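Here is the structure we will look at.
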Amino acid sequence: MTALPPAAEHTRAEVCALHAELLRWNLVTWTSGNISARIPGTDLIAIKPSGVTYDDLTPESIVVCDLNGAVAEGRHAPSSDTDAHAYVYRAMPEVGGVVHTHSPYATAWAARNEPIPCAITAMADEFGDDIPVGPFALIGGDDIGKGIVATLSGHRSPAVLMSGHGVFTIGPDPKAAVKAAVMCEDVARTVHLARQNGPVERLPQHHIDALYDRYQNVYGQRRGTDS
Ligand SMILES: O=C(CO)[C@@H](O)[C@@H](O)COP(=O)(O)O
């Protein structure tokens, strides 16, 4: 097996810990869903082992793969979505984390092949646009990854609803990708509930742009301030 750089163990521990957030926010059921992260300074990724229940995940069970999805180190077979994650990392160098869930409200929108309209400020903040739908693709191989990249390249949204399947999110790091998955399910539920009582209007684009800019560049604690 490949001798791993020190960063690999830190990333494996981070990826393992972040899977608990998918349970905490009710985004996964049984063994569905998975998280991966690029291992800094390497051409390697750390990804969830396939079919392992969340309670049984440990840092040592997180699998290290190269950017073609081949196992570099690990006792388990990697996620069945490894090809999809690896394709995204090869095609989008800015991406440091990828998350996949079947969270119920967002997956219901994916089942309807319907983008979630940017109708509330929380969507403008985090997604800067509608949450788009990507093409249906079978699991394994590059088709899911190609659909994610084709849909999200040049798009503000870090989330895509893969038709008939579920949510994939990206981020500069795995925590950002997990946040995008949490917020995707939150807004999917809110907009769904709103539409139960009547049509929902998309916010005017200039408001979406202003809200997105504020949230991405002003909101919260800036670096260097006492937080
Ligand atoms: O949706 C799929 C594959 O895309 C599920 O099998 C996936 O959520 C979980 O698979 P893994 O346990 O990561 O292999």
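Source: prediction; values computed, not measured. By convention here, the first residue in the shown sequence is residue 1. Both ligands and their constituent atoms are indexed starting at 1 by order of listing.
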Enumerated ligand 1 atoms positioned under 4.0 Å from heavy atoms of I139: 3 (C), 4 (O)
Salt-bridge criterion met for R202 and D129 (N-O under 4.0 Å): yes
If you have a sec, work out which protein heavy atom is nearest [atom] and how many Å separate them, to one decimal?
{"atom": "atom 6 (O) of ligand 1", "result": "S80 OG, 3.6 Å"}
{"atom": "atom 13 (O) of ligand 1", "result": "S79 OG, 2.7 Å"}
{"atom": "atom 9 (C) of ligand 1", "result": "T31 O, 3.6 Å"}
{"atom": "atom 8 (O) of ligand 1", "result": "G33 N, 2.8 Å"}
{"atom": "atom 4 (O) of ligand 1", "result": "D81 OD1, 2.6 Å"}
{"atom": "atom 5 (C) of ligand 1", "result": "H102 CE1, 4.0 Å"}

Worked verdict on R12 versus L4 for side-chain contact (heavy atoms from CB on, under 4.5 Å): CA-CA 11 Å; R12 288 171 108 170; L4 293 177; 3.6 Å; yes
Atom pair CD1 (I120) and CG (D186), whose distance is rounded to the nearest 0.5 Å: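 Reported value, rounded in 0.5 Å steps: 7.0 Å.
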Pairwise distance SG(C184) to CH2(W109) - rounded to 0.5 angstrom: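 Output value for this atom pair is 10.5 Å.
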Under 3.5 Å: N/O of G51 near N/O of ligand 1: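 Checking ligand 1 against G51, an N or O pair does fall under 3.5 Å apart.
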Partners passing ring pair (Phe, Tyr, Trp, His ring centres under 6.0 Å) against Y212 (at least two apart in sequence or in another chain):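 For Y212, no residue satisfies ring pair (Phe, Tyr, Trp, His ring centres under 6.0 Å) once neighbours in sequence are set aside.
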Check: H85/H100 side-chain N/O donor and acceptor closer than 3.5 Å: no
